[in-house]
Colleague: 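Dropping a structure here in structure tokens format, bear with me for questions.
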2 protein chains.
Amino acid sequence: MPRKATSPPSGATTDAADQARPRGPESGSARQRVQMADIARMAGVSASTVSRALSGSPLIPEATRQRITELARSLNYQINVGAANLRKRDTRTVGVVLLGESLQAISDPFILSILGAVGDRLDELDMSLLLSRLKHGQPQQLAQRYDSGQVLGLIVIGQTGWHDELNRLAARGVPMAVWGACLSDALYPVVGGDNEQGGYLAASHLIRRGCQRIAFFGDREHPEVALRHQGYQRALAEAGLTADAALYLPYRFGDEGIRATVDAWLDGQPEFDAVFAASDVAAMATTAALGDRELRVPQQVKVVGYDDIALAGHLRPSLSSVRQPAREAGRALVDLLMEAADGSKHRTVMLPAVLVERESSR
Amino acid sequence: MPRKATSPPSGATTDAADQARPRGPESGSARQRVQMADIARMAGVSASTVSRALSGSPLIPEATRQRITELARSLNYQINVGAANLRKRDTRTVGVVLLGESLQAISDPFILSILGAVGDRLDELDMSLLLSRLKHGQPQQLAQRYDSGQVLGLIVIGQTGWHDELNRLAARGVPMAVWGACLSDALYPVVGGDNEQGGYLAASHLIRRGCQRIAFFGDREHPEVALRHQGYQRALAEAGLTADAALYLPYRFGDEGIRATVDAWLDGQPEFDAVFAASDVAAMATTAALGDRELRVPQQVKVVGYDDIALAGHLRPSLSSVRQPAREAGRALVDLLMEAADGSKHRTVMLPAVLVERESSR
DNA sequence: TTGAAAGCGCTAACAC
DNA sequence: GTGTTAGCGCTTTCAA
């Protein structure tokens, strides 16, 4: 009986090999996957040869390589990544961890655009992305994400409240890269925007537009926001203005109750002519709250947000914002992680902040 | 020299075990991870015992288990998931694949909220999430995501243009669950909103508000959108209205040029008094375009979107929208996947559509 | 150029 | 209860 090259795993060559491979205990049906030994048998070579052929080893002559590659493709064979990783003591999977107050922290569009950019870069490098979120209160979970050996390192998005744990990991030699503020005592590689400059740009722009009493919405406990606030203060100082404590409204990123926070603040009848919010989501909530009180944006109150999320241009009025380059951020995070994995000394990447002027501050 | 129990992996018991484990070829430094054999040696038991203890086998007496667990914790030991998976021929990782026109499809907030919900559910079940995106033109890549053996199955978000490939996978017995429309010939488990009902709710609401010429923005080539359009038509028919072809504007989800599309349509001076958009992002772009032409929402034109993204309530005017329950969707997707992996017959989950009335259609 | 054999870190029969 | 042994699917010496 003729043996077709593309017949399912079975065409054995020796009696010993002829016995059916034991089926797994799974209840499923077609769980049987073709594996390297099958290819080897069908190609009449050893598994080593198949392995070498598939990995493009120069030891294998082109003709053989072609034949084996073709056979593998026709069987839809894919190397078992787990087994290969185990043997090679290596993996091309990166752990991406979203840190936040709650699991819903994923809701900020900007965080997502960074995630997307990291994913794009990993795709380019033919690497995989293992995603997880962590909320406060379980610092050791971060290490576990690495210690279980599934990933070559961690890309961490968000650092507030995790700085110490991140330093601990870095000290242990865990390869990683963090999106956040460049804290002076960070032992880990950081990618972040130029927050001080961003704050400065936003505030000086508003001042140039004639604003004198610029409110700041954002939590200075948050390292990135603290820097934006410094830039804001620098711009005020340059203009001979001083920051009024009554114009500082702290709120946390991802806070669902942002609208209520803003409303409560407005109830206090503060005197102000502009708002600089530390995120676009907050700026949107603010604009909505102002509108409900018949305060016109930008005529009566000018608003500038932060991040320049994709939707910012689709708002009415469109939202002025300080752009953070998510695409570059993603690339830099991956690249710094790879450097860390190679054992290079850690470095920091600061990305430029650019003010995008739109209607809300016109 | 005294040997502390918490000293790093070394404290050997026999001469043979005393030789240092070979270091990997990695250039990094502290790559040496503690592993089961180390724990075993230090606890004076065999690796099997450690394995059993750590996995909570009833064979191991509580005291021993405690002792081993404690030792493992003190060394920050984590089981090597890859090795365990290989041996158990099992994995607790799920592949989540975002399908889209481009890799940037991740930009729609609603897709993200589903991703978040899937992540939450997987967390609850102590499973991991391997994320990847796929653009059109490489159908076989979807299968590869599974065949490489890293995941127990796939959760696929988006189905437009992939239906055949999805059916092919399902026929092969690949465990999966898909977010999309419940197509009649789908061989795979689907979770989706009640799109027909959603379209009906939106349109009949607008009609009740006095609208007569309701434009529909969305691509009927897209199965979910086609259903929403059917519901829209049903509502019109009930009211004795007919859909005017001039009031149909197709656009693709994730299209960055949505604003331009809407502007071009408006340039044609269409006669309309309402817009029902198949996504909130499109509804936002539409509202902005209308505003730029001095068309007041909702006074002159009422707008209803779809998805009820978190930002919808923060807009000015706040956006009426048909809510799709992302949280339930995520849970259902994971649960259907688990059923599929268990070999159950595939079923379909349709989630209710709820109209959230806000200012844009008041 | 190729194959045999060892072994990555773990789990599960099977024996004791 | 516990240890010994075999082996998950692959890669890589080493020898031919």
Side-chain angles (χ1 to χ4, degrees), chain A residues 9 13-14 16-17 19 21-26 31-41 43-65 67-68 72 77-92 147-150, chain B residues 9 13-14 16-17 19 21-26 31-41 43-68 72 75 77-92 147-150:
Chain A
T13 296
T14 67
Q19 58 198 355
R21 268 184 284 114
R23 315 209 62 201
E26 308 93 320
R31 204 57 52 86
Q32 194 92 318
R33 305 189 201 211
V34 18
Q35 52 196 74
M36 205 170 260
D38 299 314
I39 309 278
R41 213 177 301 125
V45 296
S46 73
S48 322
T49 301
V50 176
S51 173
R52 288 194 271 249
L54 260 28
S55 67
S57 159
L59 292 175
I60 304 293
E62 184 57 21
T64 320
R65 220 215 65 219
R67 191 165 55 89
I68 293 178
Y77 172 71
Q78 292 291 127
I79 288 182
N80 181 318
V81 179
N85 286 347
L86 180 58
R87 175 60 231 234
K88 289 192 294 195
R89 311 168 112 253
D90 189 25
T91 173
R92 294 186 66 76
D147 290 323
S148 58
Q150 295 181 100
Chain B
T13 297
T14 67
Q19 60 197 353
R21 268 187 283 117
R23 315 208 61 198
E26 308 93 318
R31 202 58 51 85
Q32 194 93 316
R33 304 189 201 214
V34 19
Q35 54 196 73
M36 204 170 264
D38 299 315
I39 309 280
R41 213 176 302 125
V45 296
S46 73
S48 325
T49 300
V50 176
S51 174
R52 291 190 189 108
L54 259 28
S55 68
S57 159
L59 292 175
I60 304 293
E62 185 56 20
T64 321
R65 220 216 65 221
Q66 287 266 331
R67 190 165 55 90
I68 294 178
L75 293 175
Y77 172 71
Q78 291 292 127
I79 288 182
N80 181 319
V81 179
N85 286 347
L86 179 59
R87 175 61 232 236
K88 290 193 292 193
R89 308 167 115 255
D90 189 25
T91 172
R92 293 185 68 77
D147 290 323
S148 58
Q150 297 180 99

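The model shown is predicted, which means the values in this text are computed figures rather than measured ones. These values consider heavy atoms only, across backbone and side chains, with no hydrogens, waters or symmetry-generated copies. Protein chains get the first letters and strands the later ones, always in sequence-line order, with residue 1 at the start of each.
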Colleague: What is the distance from atom CZ of A/R89 to atom CG of B/N80, rounded to the nearest 0.5 Å?
Modeller: 9.5 Å
Colleague: Ignoring backbone atoms, test whether B/R65 places a side-chain nitrogen or oxygen under 4.0 Å from the OP1 or OP2 oxygen of D/dG1.
Modeller: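 For D/dG1, neither OP1 nor OP2 has a side-chain N or O of B/R65 closer than 4.0 Å.
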Colleague: Separation of A/N85 atom CG from D/dT11 atom P, in whole Å?
Modeller: 10 Å
Colleague: Find the distance between CZ (A/R33) and CG (B/D147) and round it off to the nearest 0.5 Å.
Modeller: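 The distance works out to 6.5 Å.
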Colleague: In degrees rounded to 10°, what angle is found between the helical axes fit to the five outermost pairs at each end of the helix from C/dT1-D/dA16 to C/dC16-D/dG1?
Modeller: 40°
Colleague: I'd like a table of donor-acceptor pairs (distance under 3.5 Å, sequence neighbours excluded) in which one partner is a side-chain atom from residues 43-52 of chain B, with atom names and distances.
Modeller:
| from | atom 1 | to | atom 2 | distance (Å) |
| --- | --- | --- | --- | --- |
| B/S46 | OG | B/S48 | N | 3.4 |
| B/S46 | OG | B/T49 | N | 3.4 |
| B/S46 | OG | B/T49 | OG1 | 3.3 |

Colleague: Among the nucleotides C/dT1, D/dG9, D/dT2, which one has an atom lying closest to any side-chain atom of A/P61?
Modeller: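 Nearest to the side-chain atoms of A/P61, counting from C-beta on, is C/dT1.
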Colleague: Report the residue (B/T49 or A/Q78) whose heavy-atom-nearest nucleotide on DNA chain D is the more 5′ of the two.
Modeller: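 Nearer the 5' end of the strand: B/T49.
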Colleague: So, taking the atom named CD in B/Q78 and the one named CG in B/L54, what distance separates them when rounded to the nearest 0.5 Å?
Modeller: 9.0 Å
Colleague: Quick one: CG on B/L59 to CZ on B/R65, what's the gap to the nearest 0.5 Å?
Modeller: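 Between atom CG of B/L59 and atom CZ of B/R65 there are 13.0 Å.
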Colleague: Both B/P58 and A/L86 contact DNA chain D. Taking the nearest nucleotide for each, which residue is further toward the 5' end?
Modeller: B/P58
Colleague: Where along nucleotides 11-16 of chain C does protein come under 4.0 Å, by heavy atom, of base (B) or sugar-phosphate alone (S), with - for untouched nucleotides?
Modeller: BBB---
Colleague: Do B/T91 and B/Q150 come within less than 4.5 Å of each other through their side chains, counting heavy atoms only?
Modeller: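 SC-SC contact between B/T91 and B/Q150 ruled out.
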Colleague: For residues A/Y77 and A/D38, determine if any side-chain heavy atom of one lies less than 4.5 Å from a side-chain heavy atom of the other.
Modeller: no
Colleague: Quick one: which of D/dC8, C/dT2, D/dC10 gets closest to the side chain of A/T64?
Modeller: C/dT2
